[in-house]
Amino acid sequence: MTRGAVFFDVDGTLVPHTSSGHHLAASLGHEDLNQQAEDGYGDGSLTSAECAILDARGWAGWSPAEVNGFLESLPLIDGIAETVRWCLRHDLVPVLATLAWDVVGTHLCTRFGFARSSGPSLEVRDGRYTGEVATQFDELDKRDFALAVATSLHLDPAHCVAIGDGRSDVPLFGAVGHAIALNGTPAARAAAHVTVDATDLRAVIPYLQGFCL
């Protein structure tokens, strides 16, 4: 029996102190574009759609296989595998609810066993990224994705938990039964039910246990 779902953010949460986009930009050679996008999203001067368009330019000419290889060195918080296994053992479905590019979510699902993931996608033509965005995805889409997953699992959103750190998590925090700000920004902390500061994802397990079981 599925007891609930746990929605994990990626950038700033599973990827601490940086973002998957910044890590990939360093490998793909467009750190300047990515930094401009991330700074703009952080200060509210750019929408997520505008950030995606800006960052996507730096992907032109690279292949999905090359990008997936760069993701092997993605800096991650400790305890992801153990936390995912704990969720599965306790009939909680672990899901990635993120604005990171979909290739990042796919990589983490394969690597750690998350059930599914969200995110914008990049256009691929003849086996290479074109530098264009194929599908956009913003913080409201992130919330709606999580609610759709809950519906598909026959779960009331009240039986779902969201774990995140920043601006893009706030709408989702307001739509689920329990929200945990992990190493969160002031906005995330203000919107969350619980705040946790930790270097290991397993620090959220006591809160998941108390809420879901």
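Since the model is a prediction, treat every value here as computed from it, not as a measurement. Scope of the values below: all heavy atoms of this structure, side chains included, with no hydrogens, waters or symmetry mates.
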task = Please confirm whether the backbone N or O of Ala203 pairs with a side-chain atom of Asp200, one donor and one acceptor, at under 3.5 Å?
result = no
Heavy-atom side-chain contact between Val10 and Val104 under 4.5 Å = yes
task = Using the six-membered ring wherever Trp is involved, compare the ring planes of Phe114 and Phe8 and label them parallel, tilted or perpendicular (cut-offs 30° and 60°).
result = perpendicular
ask   = Backbone N or O of Thr47 within a donor-acceptor pair of the Glu50 side chain at under 3.5 Å?
value = yes
query = For the residue pair Pro75 and Val15, what are the closest heavy atoms and their distance?
reply = O-CG1, 3.4 Å
task = For the pair His159 (side chain) and Val176 (backbone), establish whether a donor and an acceptor sit closer than 3.5 Å, ignoring hydrogens and angles.
result = no
query = Any side-chain heavy atom of Leu208 within less than 4.5 Å of one from Ile180?
reply = yes
ask   = Counting N and O atoms only, with roles assigned by atom type, does the side chain of Asp55 sit under 3.5 Å from a partner on the main chain of Ala52, one being a donor and the other an acceptor?
value = no
message = For Leu147 versus Pro157, what's the shortest heavy-atom pair and its separation?
response = CD2-CG, 3.7 Å
Salt bridge (charged side-chain N to carboxylate O under 4.0 Å, His left out) pairs, two or more places apart, involving residues 111-136 = Glu66-Arg128, Glu123-Arg125
message = Given 3.5 Å as the limit, does a donor-acceptor pair link the side chain of Thr106 with the main chain of Val103, or not?
response = no
Ser118 and Thr98: side chain donor to acceptor below 3.5 Å = no
query = Within a strict 4.5 Å, meaning less than it, do heavy atoms of the Leu71 and Leu108 side chains meet?
reply = no
inquiry  = For the backbone of Ala26 and the side chain of Glu31, can you confirm whether one donor and one acceptor N or O come within less than 3.5 Å of each other?
reply    = no
query = Looking at Gly184 and Ala188, what are the two nearest heavy atoms and their distance?
reply = CA-CB, 4.3 Å
ask   = Are Gln136 and Ser48 close enough that a side-chain donor and a side-chain acceptor fall under 3.5 Å?
value = no
request  = Could you check if a side-chain atom of Trp59 sits within less than 4.5 angstrom of a side-chain atom of His30, using non-hydrogen atoms only?
outcome  = yes
ask   = Do you know the tightest heavy-atom contact between Leu122 and Ala134?
value = C-CB, 3.7 Å
Exam field: side chain Asp11 to backbone Ser20, donor-acceptor pair closer than 3.5 Å = yes
message = Between Ser117 and Val95, is there a side-chain heavy-atom distance shorter than 4.5 Å?
response = no
query = Is there a side-chain contact between Leu14 and Ile80 (heavy atoms, below 4.5 Å)?
reply = yes
query = What side-chain hydrogen bond (donor to acceptor under 3.5 Å, both in side chains) pairs are there with at least one residue in residues 167-177, not counting sequence neighbours?
reply = Lys142-Ser168, Lys142-Asp169
key: Co-membership, hydrophobic cluster, residues Val161 and Phe173, 4.5 Å side-chain   = no
query = Under 3.5 Å, is there a donor-acceptor pair between the side chain of His22 and the main chain of Thr18?
reply = no
key: With sequence neighbours excluded, residues passing salt bridge (charged side-chain N to carboxylate O under 4.0 Å, His left out) with Arg89   = none
inquiry  = I want to check something: taking the side chain as every heavy atom from C-beta on, are Ile53 and Val133 in contact at a cut-off of under 4.5 Å?
reply    = yes
remark   = Of Asp197, Asp165, Asn183, the one forming a side chain to side chain donor-acceptor pair (under 3.5 Å) with Arg189 is Asp197
ask   = Minimum heavy-atom separation for Leu88 to Pro94, with atom names?
value = CD2-CD, 3.6 Å
note = Rounded to the nearest 0.5 Å, the OG atom of Ser121 sits from the CH2 atom of Trp101 at a distance of 7.5 Å
task = Report yes or no: does His193 contribute a side-chain atom to a donor-acceptor pair with the main-chain N or O of Ala179 at less than 3.5 Å?
result = yes
query = Is Asp102 close to Phe137 at the side-chain level, that is, under 4.5 Å between some pair of heavy atoms?
reply = no
